[in-house]
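Throughout, a chain's letter reflects where its sequence line sits, starting with A, and its residues are numbered from 1.
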Amino acid sequence: MEGTLNDASSSAIELAATQQRPMLEIAGLRKRFGTVEVLRDVSLAVSPGEVVVVIGPSGSGKTTLLRCTNLLEEYERGTIMIDGEPIGYRIDGRSGRRSRMSEREIARARERIGMVFQSFNLFPHMNVLQNIVAAPIRVKRIERRQAEARARELLAMVGLSDKAAEHPIRLSGGQQQRVAIARALAMDPKIMLFDEITSALDPELVGEVLAAMQQLASDGMTMVVVTHEMSFARDIADRIVFMDGGVIVEEGKPDQLLFAPQTERVRAFLRRYNDRYRI
Amino acid sequence: MPFDPHFIARLIPALLEGAAVTVELAALTMAICLVWGLLVALAQELRGPLGWIAGGYIQLVRNTPLLIQLYLVYFGFSMAGFGLSGFASGLLALCAQNGGYVAEIYRGGLQSVSVRQFEAGRALGMRRWTLYTTVILPQVVARVIPPLTNQSISIIKDTSQVAAIAVMEIMKITEVWVETSANTYDVFLGAALIYLALTSIAGLVGKLTERRLAFAQ
Amino acid sequence: MKEFGPLIHSLWYLLRGAGMTVLMATSAALPATILGVLLSLLHVFGGRLLRSAILGYLFLIRGIPLLVLLTFVYYLMPLTGIDLPPFWGVVVVISLYYAAFISEVFRAGILSLPQAQWDAARSLGMTRGLLLQIVILPQALRLAAPPYVSLCVSLVKATSLVSIVGLWELTMASREVVERTLAPFQIFIGAAVIYFCICYTLALYGRHLERRVLLGH
């Protein structure tokens with residue numbers, strides 16, 4: 001969807017900006033696990049450089065949404081586009097029928113998406129550097145020296161330059177997650193997905209990971225973050241999306257959604273949250 | 001594969017007689033090992049020389065072939081003066097070897113019950129006896145059933161080796177019949193089927209026991 | 001009973017038998033391992049038909065004693081006209097037998113890896129072949145190594161069974177010596193010690209691997 005700049009009026013420029021091709025476009029996603037509908041007709045568009053935080057009670061489908069995006073989960077209906085290119089399923093222009101892409105095509109598409117998981121992210125039998133360069137070397141066929149140089153850059157960025165030769169088991173949870181971020185970045189993705197990456201961490205280790213994510217956001221990475229950390233959500237998000245029962249209930253700017261939500265479900269959720277923590 | 005019904009008719013009772021001996025041997029071995037293995041496992045927990053002997057015994061029987069143990073008991077003892085029958089020798093050797101394995105199974109089961117369970121029980125003010133009988137032992141029993149089932153299957157298969165000391169169980173009878181008739185296939189097929197039946201039954205019994213005990217908790 | 005003279009005299013003969021045992025065990029272990037790893041992959045990733053076939057194969061191996069299979073092949077060989085030296089005949093049987101157990105051990109290793117390892121590898125754009133090669137299999141092999149070594153010990157002990165079908169290795173050698181010297185106790189103890197040396201060394205290596213696995217994961 002290319003916008004056209006007709007004249008230099010500010011509204012036209014604004015219009016053009018919002019009509020810039022979305023980095024991530026999820027349309028009409030539907031998924032069931034057995035008899036349970038985990039995702040019902042979910043649509044979401046994320047602009048380049050935007051940081052979208054997804055919140056909601058457990059079981060709302062937030063993690064499933066993320067996993068469907070890079071086809072770690074199958075879904076029955078809907079399409080997903082990364083920077084205009086489909087991943088997972090194609091719609092045939094003429095017949096409108098959905099066809100699954102080949103495993104090879106899906107693997108290629110996944111290179112454009114970086115994902116960090118809640119736990120057991122790193123490969124324990126490789127050291128930190130090997131973890132980071134494994135995919136660039138074997139998947140993208142990048143030369144080892146080049147890949148290692150880039151890996152060290154990324155390690156510096158997350159503040160772990162001195163850990164390149166360590167094995168994951170010797171690192172704290174926070175350090176491991178930062179390495180996981182570096183590893184995902186090594187593939188040069190266009191968008192990064194974060195699935196509750198601080199939920200399994202001891203509280204004192206959470207800060208360093210959030211700092212790394214904050215850095216990424218300021219560098220202009222497009223990000224979709226599923227998290228429980230409300231104050232972090234408020235700090236980092238351009239937009240917050242609230243999911244419950246497999247649908248997007250409400251979305252909006254952080255201050256608006258967190259402090260003046262429109263729907264009762266969001267209010268109830270935040271009330272429960274506020275009772276325990278103060279945002 | 002000549003399918004001679006007359007032959008089959010004579011073969012089946014003979015194999016079944018052998019099966020009876022197999023079952024008797026295996027069942028006795030299992031029963032004895034359940035107790036003997038427990039004693040050895042407990043002995044291993046003790047610090048002193050008894051613990052060492054128990055540990056050494058387990059390593060000894062696990063790292064020597066059953067067949068050698070059979071020959072040792074059967075021929076060795078008869079030379080020493082107190083000759084044991086084939087069946088008795090087989091039973092002794094089978095119990096000696098499997099006692100070691102069962103002891104290891106018990107030890108694994110006990111170790112796998114997490115220390116937290118002990119701590120939780122003691123924190124609730126339980127005395128040692130209550131703690132063991134109501135919290136620890138049921139969990140150990142549950143964890144120990146699957147490997148014990150596997151061990152019983154292993155025992156059934158091991159009984160085939162006592163054919164080497166002329167005990168008339170399935171394997172020996174198979175041997176005799178194959179030597180004296182031309183229907184090699186039928187005899188082996190029959191033996192294989194009986195062993196499969198026996199091991200499958202043992203497996204089923206194990207699964208049912210597992211389920212029964214899970215309910216009891 | 002304390003006259004170990006006969007044993008000392010025949011020690012060299014027994015050691016040659018041990019050499020044959022090791023040769024036989026190694027010759028069987030190599031193909032068994034290759035086949036076992038292959039089977040485990042087919043079992044995990046194969047289609048329904050393939051998996052059913054493998055399950056059937058595992059059922060048979062699990063339920064039928066190795067001795068029955070060895071004896072079967074021994075009687076069968078001359079009938080089929082395949083001109084295979086007896087050594088290779090038994091090696092094939094032992095390989096096929098242990099391949100089943102090895103495959104289950106590796107399969108357990110593969111399945112015990114957390115889903116996140118697969119997810120992480122896939123999300124980095126790795127195809128299944130690549131992620132198996134550099135993420136899953138290296139870890140699965142490390143996890144499976146200790147129980148695999150146990151199976152190797154079992155395999156070494158199993159070679160003793162070939163003496164029952166007339167092949168020469170340590171057990172057969174000791175039987176020959178006993179027949180000559182009529183000193184079963186000493187000779188079989190000697191054989192047991194030799195087996196122990198081989199198997200216990202392997203077992204110690206297995207325990208070393210186990211400790212390394214526990215630390216590394």
Where does A/M115 contact chain C at under 4.5 Å (heavy atoms): side chain, backbone, both or neither?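 Contact with chain C involves both backbone and side-chain atoms of A/M115.
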Chain C neighbours within residues 127-145 of chain A, where any heavy atom lies under 4.5 Å away: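 Counting heavy atoms that sit under 4.5 Å from chain C, the residues of residues 127-145 of chain A involved are A/A134, A/A135, A/R138, A/V139.
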If you look at every heavy atom in C/A116 and A/S119, which pair is closest and at what distance?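 Closest approach of C/A116 to A/S119, heavy atoms only: CB-O, 3.3 Å.
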Please look at A/F117 and chain C and tell me whether the side chain, the backbone, both or neither of the residue comes under 4.5 angstrom of a heavy atom of that chain.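 Contact with chain C involves the side chain of A/F117 alone.
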Say you draw a straight line from CG of A/N121 to OG of C/S123; how long is it, rounded to the nearest 0.5 Å?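 Between atom CG of A/N121 and atom OG of C/S123 there are 8.0 Å.
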For side chain to side chain contact (heavy atoms under 4.5 Å, CB included), just list the numbers for C/R122 and A/R110, CA-CA rounded to whole Å, side-chain angles, deciding distance to a tenth of an Å, and then say yes or no. CA-CA 8 Å; C/R122 265 192 236 142; A/R110 285 195 185 121; 3.6 Å; yes
Heavy atoms of other groups near C/Y74 OH, more than 12 under 6.0 Å: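 No, because the 6.0 Å sphere around OH of C/Y74 holds 12 heavy atoms or fewer from other groups.
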Please check if the number of heavy atoms outside A/R112 that lie under 6.0 Å from its CZ is greater than 12.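 Yes.
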State whether the number of non-hydrogen atoms from other residues, nucleotides or ligands found under 6.0 Å of C/F87 atom CZ is greater than 12.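 Counting other residues, nucleotides and ligands, CZ of C/F87 exceeds 12 neighbours.
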Heavy-atom contact with chain C under 4.5 Å, split by part of A/L193: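 Contact with chain C: none, neither part.
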Heavy atoms only: give me the nearest C/D119-A/R67 pair and the separation to one decimal.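 Heavy atoms only, the tightest pair is OD2-NH1, 2.7 Å.
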Where does A/R183 contact chain C at under 4.5 Å (heavy atoms): side chain, backbone, both or neither?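 Its backbone and side chain both get close to chain C.
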Atom CZ of A/F120 with >12 non-hydrogen neighbours under 6.0 angstrom: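 No, not enclosed.
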Treating A/H125 as the side-chain partner and C/I134 as the backbone partner, does any N or O pair qualify as donor plus acceptor under 3.5 Å?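 Flag set: sc A/H125 to bb C/I134 pair under 3.5 Å.
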I need the C/Q139 CD to A/F123 CZ distance, nearest 0.5 Å.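 Atom-to-atom, C/Q139:CD and A/F123:CZ are 8.0 Å apart.
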Side chain / backbone / both / neither for C/L130 at chain A, heavy atoms under 4.5 Å: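 Side chain only.
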With a 4.5 Å heavy-atom cut-off, do C/P138 and A/M126 have their side chains touching?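 Of all side-chain heavy-atom pairs linking A/M126 with C/P138, none is under 4.5 Å.
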Counting heavy atoms not belonging to A/R108, are there more than 12 under 6.0 Å from its CZ?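 For A/R108, atom CZ is not crowded (no more than 12 foreign heavy atoms under 6.0 Å).
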Has A/R100 got more than 12 heavy atoms of other residues, nucleotides or ligands less than 6.0 Å from its CZ?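 Atom CZ in A/R100 is crowded, with more than 12 foreign heavy atoms closer than 6.0 Å.
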Among the options C/T127, C/L131, C/V135, pick out the one with the most heavy-atom pairs lying under 4.5 Å from chain A.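 With the most close heavy-atom pairs to chain A, the winner is C/V135.
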Starting from the C-alpha separation in whole Å, work towards a yes-or-no answer on side chain to side chain contact (heavy atoms under 4.5 Å, CB included) for C/L124 and A/E111. CA-CA 6 Å; C/L124 286 168; A/E111 293 175 36; over 6 Å; no
